[in-house]
Peer 1: 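First the structure, then my questions, so here it is.
These numbers were taken from a predicted model, which means no experiment stands behind them.
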Amino acid sequence: MTADAGRTEVTGVIDPAPALGLAGLLDLDPALLDGGELPPLWHWVHLLERPGAAQIGPDGHPLTGVPSPPGPGTKRMFAGGRVHSLRPLRMGEQATRRTWVTGSREVEGRSGTLRFVSVRTEVSQADEVAVVEDNDIVYRAAGSALEVPVGTLDAQPAPVAGPTLRFRADEVALMRFSALTYNAHRIHYDLGWCAVEGYEGLVVHGPLQALLMGELVRRQGAGLLGRVFDYRLVAPLVGTQTVTAAPAGVDEEGADEAGSVDDAVRVLDVHGRTTASATLSRTTDGGTR
């Protein structure tokens with residue numbers, strides 16, 4: 001890995017092992033990977049930065065890197081992102097991931113000052129860009145608490161119209177996803193630390209929610225290749241529970257109806273509350289709408 005101010009670069013072979021691990025987490029037949037191509041969004045478990053133990057802060061975040069770690073008295077969260085899947089990545093071949101900061105701004109929210117940082121990542125292989133991704137990172141005051149309902153594994157998710165993908169987000173699943181993505185942020189596996197950051201339960205990863213939405217599109221729709229997957233994390237998903245990815249169809253009176261997974265999808269917590277949403281659109285070969 002190489003790193004400059006506000007920029008990192010990682011080059012390596014797309015090893016099948018992380019993808020097989022992700023297939024296991026999602027309870028998928030590993031034969032899915034027999035063609036040698038990485039499913040869209042699965043690049044999130046590849047070409048990762050792996051800082052040493054001395055470079056990890058008390059909350060589990062790296063002390064350096066892109067995006068920058070939360071400073072004293074602040075917390076960092078994913079707010080969403082846009083993934084342009086231009087062409088598939090092939091396993092067993094070398095690829096390069098380049099990441100850099102593209103912008104920053106501050107706004108006043110209900111819980112205090114929020115700082116939004118935009119980060120771009122490009123993954124290239126064989127001298128061609130395969131993935132262009134923009135992430136929106138939000139930093140907020142550590143003392144700000146968020147009042148959200150906490151899910152439990154005993155609660156049953158409500159019926160939802162249209163095709164769905166359900167995922168049991170228990171302690172084991174959250175730990176496995178943290179390991180696959182090399183994400184040591186303690187809110188995903190350390191209940192004691194969750195209280196420090198103002199959460200009453202373990203927090204389900206934002207990228208995991210985005211991945212579930214993308215998987216629903218891949219399995220039940222036209223897929224993500226050649227498209228822009230624009231996702232928002234609209235509320236924390238707190239507590240171990242069964243989460244549901246579903247079409248985002250809503251009729252004029254606000255009642256659920258079966259929508260198309262090729263237009264918009266969402267994630268629902270066990271209470272039926274939307275915690276993440278995504279829309280899809282076409283992309284040109286250059287990675288723009």
Side-chain angles (χ1 to χ4, degrees), residues 10 12-48 81-97 121-126 128-133 157 160 162-170 172-183 188 204-231 242-247 260-268 276 278-280 282-283:
V10 179
V13 173
I14 303 292
D15 191 311
L20 288 169
L22 187 54
L25 174 66
L26 299 175
D27 206 20
L28 292 171
D29 187 338
L32 166 71
L33 304 172
D34 285 351
E37 292 184 352
L38 202 63
L41 303 185
W42 288 36
H43 66 280
W44 286 340
V45 299
H46 293 272
L47 303 175
L48 304 177
R82 292 151 302 284
V83 184
H84 307 241
S85 298
L86 302 174
R87 51 188 54 83
L89 289 162
R90 292 199 57 81
M91 291 178 287
E93 299 180 14
Q94 185 169 279
T96 297
R97 177 177 64 81
T121 294
E122 289 186 357
V123 183
S124 59
Q125 190 173 59
E128 290 187 312
V129 176
V131 180
V132 178
E133 179 174 0
V160 179
T164 60
L165 191 163
R166 298 201 191 274
F167 181 81
R168 181 181 168 89
D170 59 15
V172 174
L174 298 183
M175 174 58 78
R176 291 178 73 185
F177 191 75
S178 287
L180 284 167
T181 55
Y182 221 77
N183 178 357
H188 304 303
V204 180
H205 311 68
L208 176 56
Q209 296 179 62
L211 178 65
L212 294 175
M213 292 189 289
E215 278 294 291
L216 180 64
V217 176
R218 184 183 68 81
R219 301 181 200 185
Q220 301 288 344
L224 298 177
L225 281 177
R227 309 180 78 188
V228 180
F229 178 73
D230 189 339
Y231 67 95
T242 298
V243 300
T244 303
S260 170
V261 298
D262 287 321
D263 297 325
V265 287
R266 57 180 171 167
V267 168
L268 303 172
T279 58
L280 295 110
R282 305 301 301 181
T283 178

Peer 1: Residues in side-chain contact (heavy atoms from CB on, under 4.5 Å) with Leu180, at least two apart?
Peer 2: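 side-chain contact (heavy atoms from CB on, under 4.5 Å) list for Leu180, sorted by chain: Leu22, Leu25, Val45.
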Peer 1: Is the shortest heavy-atom distance from the side chain of Phe177 to the side chain of Asn183 under 4.5 Å?
Peer 2: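 Phe177 does not reach Asn183 side chain to side chain.
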Peer 1: With a 4.5 Å limit on heavy-atom distance, are the side chains of Leu225 and Pro88 in contact?
Peer 2: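 Contact flag for Leu225/Pro88 side chains = yes.
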Peer 1: Not counting sequence neighbours, which residues clear salt bridge (charged side-chain N to carboxylate O under 4.0 Å, His left out) with Arg166? List them please.
Peer 2: none
Peer 1: Please list all pairs passing the salt bridge (charged side-chain N to carboxylate O under 4.0 Å, His left out) test where one or both residues lie in residues 17-31, with sequence neighbours left out.
Peer 2: none
Peer 1: Using side-chain heavy atoms (C-beta onward) and a distance below 4.5 Å, is Leu33 in contact with Pro16?
Peer 2: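 The answer is no; the side chains never approach within 4.5 Å.
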Peer 1: Check side-chain contact (heavy atoms from CB on, under 4.5 Å) between Leu32 and all other residues, then give those that pass, not counting sequence neighbours.
Peer 2: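 Once residues adjacent in sequence are excluded, the partners of Leu32 under the side-chain contact (heavy atoms from CB on, under 4.5 Å) criterion are Leu28, Pro39, Trp42, Arg218.
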Peer 1: So do the side chains of Tyr231 and Gln209 get within less than 4.5 Å of each other, counting heavy atoms only?
Peer 2: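 They are not in contact (no side-chain heavy atoms under 4.5 Å apart), so the answer is no.
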Peer 1: Could you pull out all residues at least two apart from Asp15 that satisfy salt bridge (charged side-chain N to carboxylate O under 4.0 Å, His left out)?
Peer 2: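 Not a single residue meets the salt bridge (charged side-chain N to carboxylate O under 4.0 Å, His left out) criterion with Asp15.
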Peer 1: Verify side-chain contact (heavy atoms from CB on, under 4.5 Å) between Leu26 and Leu212, making sure each step is shown before the conclusion.
Peer 2: CA-CA 9 Å; Leu26 299 175; Leu212 294 175; 4.1 Å; yes
Peer 1: For Arg219, which residues count as a salt bridge (charged side-chain N to carboxylate O under 4.0 Å, His left out) partner, sequence neighbours excluded?
Peer 2: Glu215
Peer 1: Is the shortest heavy-atom distance from the side chain of Phe167 to the side chain of Leu211 under 4.5 Å?
Peer 2: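 SC-SC contact between Phe167 and Leu211 ruled out.
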